[in-house]
Amino acid sequence: MSTYNFDYLDELEAEAIHILREVAGQFEKPALLFSGGKDSITLVRLAEKAFRPGKFPFPLVHIDTGHNFEETISYRDKMIERIGERLIIGSVQESIDQGKVIEQTGKNASRNALQTVTLLDTIAKHQFDACIGGARRDEEKARAKERIFSVRDEFGQWDPKRQRPELWNIYNGKIHKGENVRVFPISNWTELDVWNYIRREKIELPSIYFSHEREVITRNGQLMAASPFLNMDDEDVVFKKQVRFRTVGDMSCTAAVESEATLIDDIISEISESKISERGARLDDKVSEAAMEDRKKGGYF
C-alpha cells in the first residue's frame with residue numbers, strides 16, 4: 001500500500017485550497033483582492049491549484065492608489081496576461097477626483113488609508129459577497145483577531161466582538177443582504193512559510209523583494225524609496241543604498257530594509273534571524289497603537 005508523506009507546507013496548502021473551494025461553493029460573487037505582494041501572489045498560485053484547468057470562479061481585484069511601485073504594476077500586468085484571468089481595478093485617484101475622499105497633505109501624507117473608500121465602492125459596484133485576501137495572523141495583532149471567514153456589516157465595518165466560532169475546518173458563510181465576508185486562506189501561515197512555499201513552487205516575484213541599489217531617503221527612522229509621492233523637501237537627503245522590501249504597499253508608507261539578499265535562500269536566512277516583523281516597515285501601522293484595528297473597523301482589509 002502506498003503512503004503519503006505530507007510536510008507542513010503540504011498541510012498549509014491543502015487547508016488553503018479547501019478554503020478557496022469553500023468560497024466558490026458558498027458565495028455567489030466572490031473576488032480575490034490582489035496587491036502585487038508576495039501573499040496575494042501566493043494566493044493566485046493556490047487558486048491555480050484549486051481550480052485549474054478551469055477558470056477561476058472569481059475575478060482579481062486591485063485597489064490602485066496611483067502611488068504603487070512601478071515594479072509591482074509591471075508584475076501585475078504580466079501575471080494577468082500569463083494566467084488569462086479577469087482583473088478589476090479600483091482607482092483611488094478616481095475616488096479623489098469624484099470628491100469621495102480628500103487627499104492628505106503634509107510631509108507624511110499617504111494614500112494608503114484612502115483605499116478603504118475605493119474598496120467599499122468597488123465591492124458595492126460589483127456586488128461582491130466575499131473578498132479573498134492574503135492577510136496572515138502573524139503580521140499584526142489586529143489581524144491575529146480575525147477568523148478565516150470574517151463578516152463585515154452592510155457598511156463594510158468589522159466588529160471583533162461579532163467573530164463567529166470556527167470549529168475544525170467548518171466555515172460559516174451565511175450573511176444577510178448587504179453584508180460581505182473577508183476570507184483569509186493563508187491566515188495560519190507565517191512570513192517564513194510563505195517564503196518557503198515560494199521557494200518550493202518556484203514562484204516569480206516582483207524584483208523589489210530582492211536586494212537592489214536604490215535611491216532612498218531617511219524618514220521617521222526608516223529607509224523610504226525616493227519618490228515625488230513622498231512630498232520631499234530640502235531636508236530630505238537622497239542617497240543610494242542596497243535595499244529590498246519585505247512588504248509591498250503604497251510607496252508613501254512602505255519602507256525598505258538594508259539587505260544583500262539576492263536569492264530566496266538568502267531572504268529565508270535573513271527572515272529567520274530577524275527580530276522585527278515585516279509590518280515594522282509600514283509607516284501607516286505606526287500612526288497609533290491601534291492603527292490597523294481602527295482601519296479594519298472602517299472597512300480596510
Side-chain angles (χ1 to χ4, degrees), residues 4-24 30 32-53 56-58 60 62 69 71-72 75-76 78-80 82-83 85 131-140 143-144 146-149 166 169 171 182-211 244-249 254 257 259 261-274 276-282 301:
Y4 294 94
N5 296 312
F6 274 25
D7 66 11
Y8 81 101
L9 287 177
D10 292 322
E11 294 178 4
L12 290 173
E13 178 188 75
E15 178 189 52
I17 289 172
H18 169 70
I19 292 165
L20 288 170
R21 289 173 175 167
E22 281 291 305
V23 172
L32 191 157
L33 297 188
F34 183 80
S35 68
K38 67 184 185 310
D39 299 316
S40 59
I41 292 169
T42 296
L43 283 180
V44 170
R45 172 56 58 86
L46 291 165
E48 289 180 309
K49 291 198 170 190
F51 304 113
R52 289 296 190 243
F56 292 178
F58 39 69
L60 275 64
H62 181 214
F69 288 91
E71 296 94 327
T72 306
Y75 178 94
R76 179 200 70 186
K78 289 178 181 177
M79 187 203 73
I80 290 297
R82 175 181 64 80
I83 66 175
E85 296 293 341
C131 291
I132 304 161
R136 308 185 322 270
R137 290 191 179 118
D138 78 315
E139 289 182 88
E140 200 272 341
R143 285 183 165 168
E146 291 272 22
R147 298 290 193 268
I148 290 174
F149 274 30
E166 289 180 343
N169 60 349
Y171 305 107
R182 309 290 171 86
V183 181
F184 307 108
I186 60 171
S187 187
N188 291 327
W189 298 40
T190 66
E191 181 187 12
L192 200 54
D193 295 335
V194 172
W195 277 104
N196 280 320
Y197 189 75
I198 287 168
R199 176 174 61 180
R200 189 183 82 171
E201 297 294 312
K202 299 180 173 61
I203 299 173
E204 183 182 352
L205 293 175
S207 59
I208 58 174
Y209 276 111
F210 301 90
S211 178
R244 73 177 193 87
F245 292 84
R246 287 178 70 181
T247 180
V248 171
T254 306
V257 294
S259 175
T262 57
L263 301 173
I264 288 182
D265 285 344
D266 300 331
I267 292 173
I268 289 173
S269 296
E270 188 176 271
I271 294 169
S272 299
E273 297 172 4
S274 177
I276 301 173
S277 76
E278 62 189 298
R279 297 294 300 193
R282 291 294 291 268
F301 204 79

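The residues of the chain are indexed from 1 along the displayed sequence.
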Whether [Y] and [X] form a salt bridge (side-chain N of Lys/Arg under 4.0 Å from carboxylate O of Asp/Glu) is what I want to check.
X    : Y   : result
E201 : R45 : yes
R200 : D7  : yes
R52  : E85 : yes

For the side chain of [X] and the backbone of [Y], is there at least one donor-acceptor N/O pair under 3.5 Å apart?
X    : Y    : value
R199 : D265 : no
R244 : Y209 : yes
D138 : E191 : yes
Y75  : E204 : yes
S211 : S259 : yes

Between [X] and [Y], is any pair of side-chain heavy atoms under 4.5 Å apart?
X    : Y    : result
F51  : R21  : yes
F210 : I264 : yes
L33  : S40  : no
I271 : W195 : yes
I268 : N196 : yes
Y197 : I203 : yes
I186 : L12  : no

Only one of N188, D39, D193 forms a side-chain hydrogen bond (donor to acceptor under 3.5 Å, both in side chains) with R136, so which one is it?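 Between R136 and the candidates, side-chain hydrogen bond (donor to acceptor under 3.5 Å, both in side chains) is satisfied uniquely by D39.
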
How close do [X] and [Y] get, counting heavy atoms only, and between which atoms?
X    : Y    : result
A50  : I17  : CB-CG2, 3.8 Å
P185 : G133 : CD-O, 3.5 Å
F149 : V183 : CE1-CG1, 3.6 Å

So how far is it from [X] [atom1] to [Y] [atom2], rounded to the nearest 0.5 Å?
X    : Y    : atom1 : atom2 : value
N169 : E15  : CG    : CD    : 8.5 Å
S187 : R182 : OG    : CZ    : 14.5 Å
M79  : I41  : CE    : CD1   : 7.5 Å
I80  : F34  : CD1   : CZ    : 6.5 Å
I19  : I148 : CD1   : CD1   : 4.0 Å
K49  : E13  : NZ    : CD    : 3.5 Å

Candidate list L43, I267, V194, test side-chain contact (heavy atoms from CB on, under 4.5 Å), partner K38, passing option: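 So, applying the side-chain contact (heavy atoms from CB on, under 4.5 Å) to K38 and each of L43, I267, V194, only V194 qualifies.
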
